[in-house]
Amino acid sequence: MKTHFPNPDDILNFTLTIEPDEGMYKGGKFVFDFKINQNFPHDPPKVKCTQKIYHPNIDLEGNVCLNILREDWKPVLNLNAVIVGLQFLFLEPNASDPLNKEAAEDLKANREQFKRNVRTSLSGGSVRGQTFDRVLK
């Protein structure tokens with residue numbers, strides 16, 4: 001993982017790049033935009049994936065479904081908890097709390113087909129009529 005601060009004077013807005021080294025998303029490079037408002041840590045950071053990817057917990061607009069970014073956020077949590085949560089989504093996609101319902105259905109119905117769909121999407125291919133961003137390193 002790497003963080004990047006486009007504006008070094010603004011530590012509340014940065015990107016995080018995750019490159020999973022295991023699991024179905026191994027070999028991909030995923031960039032997330034973090035926006036932290038002035039009410040942090042009482043409000044969770046806003047996190048969005050900058051690429052169009054095939055994942056049950058990330059919709060086609062880049063919104064991320066992670067419980068600690070919503071109802072389970074507590075001021076005692078920190079950015080590290082969010083980063084670990086994002087990492088975990090790539091190791092264990094969660095079909096029971098999806099934002100991309102089609103990807104979740106694929107994962108529930110046929111895990112092997114889901115894995116093939118992930119590989120296709122990582123290379124910029126099409127799955128279920130959607131073309132995805134190439135994210136392979």
Side-chain angles (χ1 to χ4, degrees):
M1 291 183 302
K2 295 180 198 116
T3 52
H4 173 69
F5 294 86
N7 176 354
D9 296 329
D10 180 5
I11 61 169
L12 299 179
N13 294 290
F14 62 93
T15 61
L16 171 75
T17 302
I18 298 177
E19 297 179 11
D21 57 5
E22 59 183 301
M24 294 180 237
Y25 292 88
K26 179 180 180 176
K29 185 176 181 177
F30 307 95
V31 179
F32 292 86
D33 246 345
F34 276 69
K35 295 192 183 328
I36 301 167
N37 74 29
Q38 299 299 326
N39 214 18
F40 182 84
H42 299 287
D43 291 343
K46 301 280 185 234
V47 179
K48 202 162 179 132
C49 185
T50 65
Q51 301 124 314
K52 185 175 173 184
I53 66 170
Y54 175 79
H55 194 292
N57 310 108
I58 301 170
D59 70 16
L60 300 176
E61 286 78 47
N63 298 306
V64 178
C65 183
L66 188 61
N67 61 336
I68 62 171
L69 290 175
R70 299 184 329 239
E71 70 276 359
D72 290 344
W73 178 259
K74 293 172 182 50
V76 296
L77 293 172
N78 59 24
L79 291 177
N80 193 50
V82 175
I83 291 168
V84 169
L86 289 173
Q87 255 186 320
F88 190 71
L89 286 182
F90 287 109
L91 291 176
E92 286 297 323
N94 180 0
S96 62
D97 187 20
L99 270 184
N100 182 331
K101 293 186 183 356
E102 290 177 337
E105 288 167 13
D106 293 344
L107 177 56
K108 285 182 195 172
N110 185 336
R111 193 171 177 88
E112 287 309 310
Q113 181 60 48
F114 177 80
K115 285 181 184 177
R116 286 191 292 276
N117 288 351
V118 168
R119 297 310 311 165
T120 298
S121 70
L122 293 178
S123 61
S126 292
V127 177
R128 287 182 165 236
Q130 291 286 338
T131 302
F132 293 90
D133 292 339
R134 180 179 170 81
V135 294
L136 289 177
K137 296 187 275 182

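None of the values given here were measured: they were computed from a predicted structure. For the numbers below, each heavy atom of this structure counts, side chains included, while hydrogens, waters and symmetry mates do not. For this chain, numbers begin at 1 and follow the sequence in order.
Although no hydrogens or angles enter the test, the distance criterion places no donor-acceptor pair under 3.5 Å between the side chain of Q51 and the main chain of V135. Between the side chain of R134 and the backbone N or O of G125 there is no donor-acceptor pair closer than 3.5 Å. Side-chain N or O atoms of N78 include one that pairs as donor or acceptor with a backbone N or O of A81 at under 3.5 Å. In this structure, N39 contributes its side chain and H42 its backbone to no donor-acceptor pair below 3.5 Å. The backbone N or O of N67 sits nowhere less than 3.5 Å from a side-chain atom of W73 that would complete a donor-acceptor pair.
How far CG of L107 is from CD of E92: 9.0 Å, rounded to the nearest 0.5 Å. To the nearest 0.5 Å, atom CD1 of residue I11 and atom OG1 of residue T3 are 11.5 Å apart. Here the NZ-CG distance, from K48 to D33, works out to 9.0 Å after rounding to the nearest 0.5 Å.
The cluster map of Ile, Leu, Val, Met, Phe, Trp and Tyr, joined by side-chain heavy atoms under 4.5 Å apart, puts I68 and V84 in different clusters. With hydrophobic clusters built from ILVMFWY side chains whose heavy atoms lie under 4.5 angstrom apart, L91 does not share a cluster with L136. One hydrophobic cluster, built from ILVMFWY side chains closer than 4.5 Å, cannot hold both V31 and L122; they sit in different ones.
We find that K2 and E19 are joined by a salt bridge, their nearest charged nitrogen and carboxylate oxygen being less than 4.0 Å apart. Between D106 and R128 there is a salt bridge, since at least one side-chain N of the basic residue sits less than 4.0 Å from a carboxylate O of the acidic one. Under the 4.0 Å criterion applied to side-chain N and carboxylate O atoms, D97 and R70 are assigned as salt-bridge partners.
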Quiz item: Taking it one step at a time, do V47 and L86 satisfy side-chain contact (heavy atoms from CB on, under 4.5 Å)?
Solution: CA-CA 10 Å; V47 179; L86 289 173; 4.0 Å; yes
Quiz item: Could you walk me through whether E112 and K115 pass the salt bridge (charged side-chain N to carboxylate O under 4.0 Å, His left out) check?
Solution: CA-CA 5 Å; E112 287 309 310; K115 285 181 184 177; 3.5 Å; yes
Quiz prompt | Test log, rule side-chain contact (heavy atoms from CB on, under 4.5 Å), inputs L16 and M1 | solution = CA-CA 7 Å; L16 171 75; M1 291 183 302; 4.2 Å; yes
Practice problem: Could you please spell out the steps behind the side-chain contact (heavy atoms from CB on, under 4.5 Å) verdict for L77 and V82? | Solution: CA-CA 8 Å; L77 293 172; V82 175; over 6 Å; no
Self-check item: Stepwise side-chain contact (heavy atoms from CB on, under 4.5 Å) test for T15 and F32
Solution: CA-CA 5 Å; T15 61; F32 292 86; over 6 Å; no
Practice problem: Check step by step if side-chain hydrogen bond (donor to acceptor under 3.5 Å, both in side chains) holds for K46 and N37. | Solution: CA-CA 8 Å; K46 301 280 185 234; N37 74 29; over 6 Å; no
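Between F30 and F90, the ring planes are parallel. Angles under 30° get that label, and only those over 60° would be called perpendicular. Taking the six-membered ring for Trp and thresholds of 30 and 60 degrees, F14 and F34 have nearly parallel ring planes, at less than 30 degrees apart.
The closest side-chain heavy-atom distance from S123 to F132 is not below 4.5 Å.
For CD of Q38, the number of neighbouring non-hydrogen atoms (other residues, nucleotides, ligands) closer than 6.0 Å is 12 at most. More than 12 heavy-atom neighbours from other residues, nucleotides or ligands sit within 6.0 angstrom of NZ on K52.
The nearest pair of heavy atoms linking L89 to C65 is CD1-O, 4.0 Å. Closest approach of P93 to Y25, counting heavy atoms only: CG-CE1, 3.9 Å. The two residues F40 and P45 have their closest heavy-atom pair at CE1-CD, 4.0 Å. When every heavy atom of L99 is checked against every heavy atom of N57, the shortest pair comes out as CD1-O, 4.0 Å. Minimum heavy-atom separation, L60 to I53: CD2-O, 4.1 Å. T131 approaches G124 most closely through the heavy-atom pair CG2-O, 3.6 Å.
For the side-chain hydrogen bond (donor to acceptor under 3.5 Å, both in side chains) criterion with Y54, the lone passing option out of N117, T120, D133 is N117.
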